[in-house]
Each structure stands twice: as C-alpha cells, then as structure tokens.
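Below is one structure; the comments refer to it alone.
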Amino acid sequence: MIRLRRTASAAAALALGAVATAVLGFATPASAHVTVNPKEATQGGYGRFAFRVPNESDTASTTKLEVVLPENAPVGSVSTMPVPGWTVAVEKRKVDPPVEVHGSQLSEVVSKLTWTATGDAAVKPGQFQEFPVSMGPLPQVGTMVFKTLQTYSDGNVQRWIEEPLPGGEEPESPAPVLTLAAASPSAAPTGAAAPQADADDDDAADDDGVATGLAVAGLVAGVGGLLLGGLAFSRTRRAPTSRE
C-alpha cells in the first residue's frame with residue numbers, strides 16, 4: 001500500500017514538472033514592439049492615438065521613428081502633439097479621389113511622420129516613449145496598418161512592417177495595427193426603448209392607483225365601524241333599567 005502511494009506521488013510530481021516545463025521552460029520572452037494606442041476606434045470618427053515605442057536594445061538608444069500611413073486608408077486631418085526633445089517632419093501625397101473633411105475636398109493627405117531626437121532626448125535602454133497623433137475622419141476600412149521604422153544610435157534599424165497573418169498569429173516584426181469598427185445605427189435602440197419605459201411607468205401608476213383605492217376603502221370601512229360601535233354603545237346606555 002505504501003509503495004503504491006509513493007508511486008502515485010511520484011507520478012503526480014512528474015506530471016507537475018512536465019506542466020511547469022511546458023509553461024516556463026519553453027516560453028521565450030515576448031518581444032516588445034511599436035504599437036498604436038488605443039488599438040480600436042470607430043469608422044468616420046476622430047481620435048487621439050499614440051505610437052508607443054519601447055527601446056529593446058541594451059546598449060543603444062532610439063533616435064528616430066518613422067511611421068507610414070496606409071495608402072489604402074487616407075486620412076484627411078492628421079496633426080501631431082509636441083514631444084519634448086523631438087522634432088517631427090510631415091510628408092504628404094496626392095490622392096484621387098479627394099478626401100472630404102467637413103465639406104471640403106482635400107487632394108493631399110499626410111503620408112509619413114518622422115520624429116527625430118535632439119540633444120539627450122533619445123529613448124534609452126529600459127525606457128519607452130509615446131508620440132501622440134490626432135486623426136480623422138477615420139476611413140471606412142476594417143484595419144489601418146502603420147508600417148514603422150525604429151532607428152537606434154548604433155545605426156541599427158528595426159523594421160516593424162509585417163502585416164497581420166490570416167490565422168491571427170502575430171508575425172515576428174508586426175506593424176502597429178488600428179482596428180476600426182463600423183459606426184452604430186443612429187440612436188435606434190434608445191428610441192425603441194422609450195415606449196417600454198412609458199409602459200412600465202403606466203403599469204406603476206396603475207399599481208399605485210389600486211393601492212390608493214384599497215387604502216381609502218379600508219379607511220372608510222374603519223370609520224364606519226367606529227360610528228356603528230358608537231351608536232350601539234349609546235343605545236345600550238339609554239336602555240331603561242328593569243323594574244323590581
């Protein structure tokens with residue numbers, strides 16, 4: 001019996017060891033890459049997005065970031081937020097047909113943004129930096145893929161340019177991806193919910209009316225009982241006493 005228990009314990013220990021090896025032993029640290037945050041937005045809207053750039057080198061700093069806007073998803077309005085210690089260069093391209101923004105037809109859109117560090121502002125090892133951008137109206141597409149180049153002080157260039165794979169697996173050097181959802185129908189759910197709310201209010205009012213009616217009826221019955229009791233008591237006191 002003791003031998004069987006020891007065998008079972010050993011088997012359990014081996015199973016736990018196998019699980020730990022599978023989870024920890026073969027796991028490789030995830031490679032941090034350039035991302036756009038938030039990662040989701042709504043088609044036709046405007047938004048503030050930040051390109052988040054982690055520094056993966058142990059010895060070099062990030063000195064330049066180049067972000068290419070997708071050609072199949074032109075955006076009419078693109079503006080950058082100042083980043084201390086960094087300059088930004090904006091490149092544009094012609095588009096046909098034009099992009100409409102607030103009733104105006106724009107034949108040029110931003111095609112590329114390049115941030116360059118000045119002085120000691122480079123992203124050092126173990127640090128990250130965000131580069132905010134305002135964009136809109138967002139195009140009527142499912143995703144926007146921003147191919148990005150990250151340049152280090154030692155001359156190395158990390159190319160974050162690979163688009164999402166069909167199976168959903170992340171490529172080795174993924175580009176930042178913004179997922180765009182279709183705009184919801186105009187206030188249809190809110191309008192549909194209103195009659196139900198009115199019906200509920202009517203039901204509540206009916207319930208209150210019934211409760212009030214019952215309360216009044218009970219009060220009337222109570223008063224009537226008191227009056228009848230008083231009359232009976234009075235008659236009893238006025239009744240003649242029996243003669244001897």
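- Using a 4.5 Å cut-off on side-chain heavy atoms (C-beta onward), Ser134 and Val78 make no contact.
- By the criterion of side-chain heavy atoms lying less than 4.5 angstrom apart, applied directly or through intervening Ile, Leu, Val, Met, Phe, Trp or Tyr residues, Phe49 is not grouped with Val109; the two fall into different hydrophobic clusters.
- Counting only residues at least two apart or in different chains, ring pair (Phe, Tyr, Trp, His ring centres under 6.0 Å) contacts with residues 74-103 comprise Tyr46-His102, Trp86-Phe131.
- Put simply, the side chain of Gln140 never gets that close to the backbone of Ala73: no donor and acceptor are under 3.5 Å apart.
- Under the 3.5 Å distance criterion, the side-chain polar atoms of Glu162 are matched with a main-chain donor or acceptor of Glu172.
- To the nearest 0.5 Å, atoms CG (Asn37) and CZ (Arg52) are separated by 4.0 Å.
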TODO: Go through the steps to decide whether Leu113 and Val133 satisfy the test side chain to side chain contact (heavy atoms under 4.5 Å, CB included), and finish with yes or no.
DONE: CA-CA 10 Å; Leu113 299 170; Val133 175; 4.0 Å; yes
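- Under a 3.5 Å cut-off, the side chain of Asn55 and the backbone N or O of Gln127 do not form any donor-acceptor pair.
- Closest of all the heavy-atom pairs between Pro54 and Ala32 is CG-CB, 3.8 Å.
- A side-chain donor-acceptor contact under 3.5 Å links Ser153 to the backbone of Ser61.
- Closest of all the heavy-atom pairs between Ser57 and Ala60 is OG-N, 2.9 Å.
- Listed for the Lys124 side chain is a donor-acceptor partner under 3.5 Å among the backbone atoms of Asp120.
- You'll find the side chain of Val101 reaches within 4.5 Å of the side chain of Pro137, heavy atoms only.
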Task: Full working for side chain to side chain contact (heavy atoms under 4.5 Å, CB included) between Trp115 and Thr87 - done: CA-CA 6 Å; Trp115 287 271; Thr87 61; over 6 Å; no
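- Of the possible polar contacts, one joining the Gln43 side chain to the Val141 backbone as a donor-acceptor pair under 3.5 Å is found.
- Hydrophobic cluster membership is shared by Leu65 and Val123, with clusters built from Ile, Leu, Val, Met, Phe, Trp and Tyr side chains linked at under 4.5 angstrom.
- Both Val36 and Val75 belong to a single network of hydrophobic side chains, linked directly or stepwise wherever heavy atoms of I, L, V, M, F, W or Y lie under 4.5 Å apart.
- No hydrogens or angles considered: a donor-acceptor pair under 3.5 Å links the side chains of Thr62 and Gln150.
- Under a cut-off of 6.0 angstrom, the local environment of CZ in Arg159 is sparse, with at most 12 non-hydrogen atoms contributed by other residues, nucleotides or ligands.
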- [ ] Applying side chain to side chain contact (heavy atoms under 4.5 Å, CB included), run through Lys147 and Trp160 and close with a yes or a no.
- [x] CA-CA 6 Å; Lys147 296 184 178 182; Trp160 305 106; over 6 Å; no
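- Classification of Glu66 and Lys112 as a salt-bridged pair holds, one side-chain N sitting under 4.0 Å from a carboxylate O.
- Looking only at distances, a side-chain donor or acceptor of Tyr152 sits under 3.5 Å from a matching main-chain atom of Glu56.
- A distance of 8.0 Å separates OG1 of Thr42 from CG of Leu180, quoted to the nearest 0.5 Å.
- Judged by distance alone, the side chain of Thr63 and the main-chain N or O of Ala122 form no donor-acceptor pair under 3.5 Å.
- For the atom pair Ser111 OG and Lys94 NZ, the distance stands at 12.0 Å (nearest 0.5 Å).
- Placement of Leu149 and Phe51 in two distinct hydrophobic clusters is found when ILVMFWY residues are connected by side-chain heavy-atom separations under 4.5 Å, directly or transitively.
- Side chain of Ser173 to backbone of Pro171: no donor-acceptor contact under 3.5 angstrom is found.
- Interatomic distance, Thr151 OG1 to Gln158 CD, rounded to the nearest 0.5 Å: 10.5 Å.
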- [ ] Could you go through the side chain to side chain contact (heavy atoms under 4.5 Å, CB included) check for Val110 and Glu91 one step at a time?
- [x] CA-CA 6 Å; Val110 173; Glu91 298 181 25; over 6 Å; no
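- Of the possible donor and acceptor atoms, none in the side chain of Thr179 sits under 3.5 Å from a partner among the backbone N and O of Thr143.
- Counting only heavy atoms from C-beta outward, the side chains of Thr148 and Pro176 approach each other to under 4.5 Å.
- Transitive grouping of hydrophobic side chains (ILVMFWY, heavy atoms separated by less than 4.5 Å) brings Met135 and Val88 into a common cluster.
- Residue Gln105 qualifies as enclosed at atom CD: its count of foreign heavy atoms under 6.0 Å is above 12.
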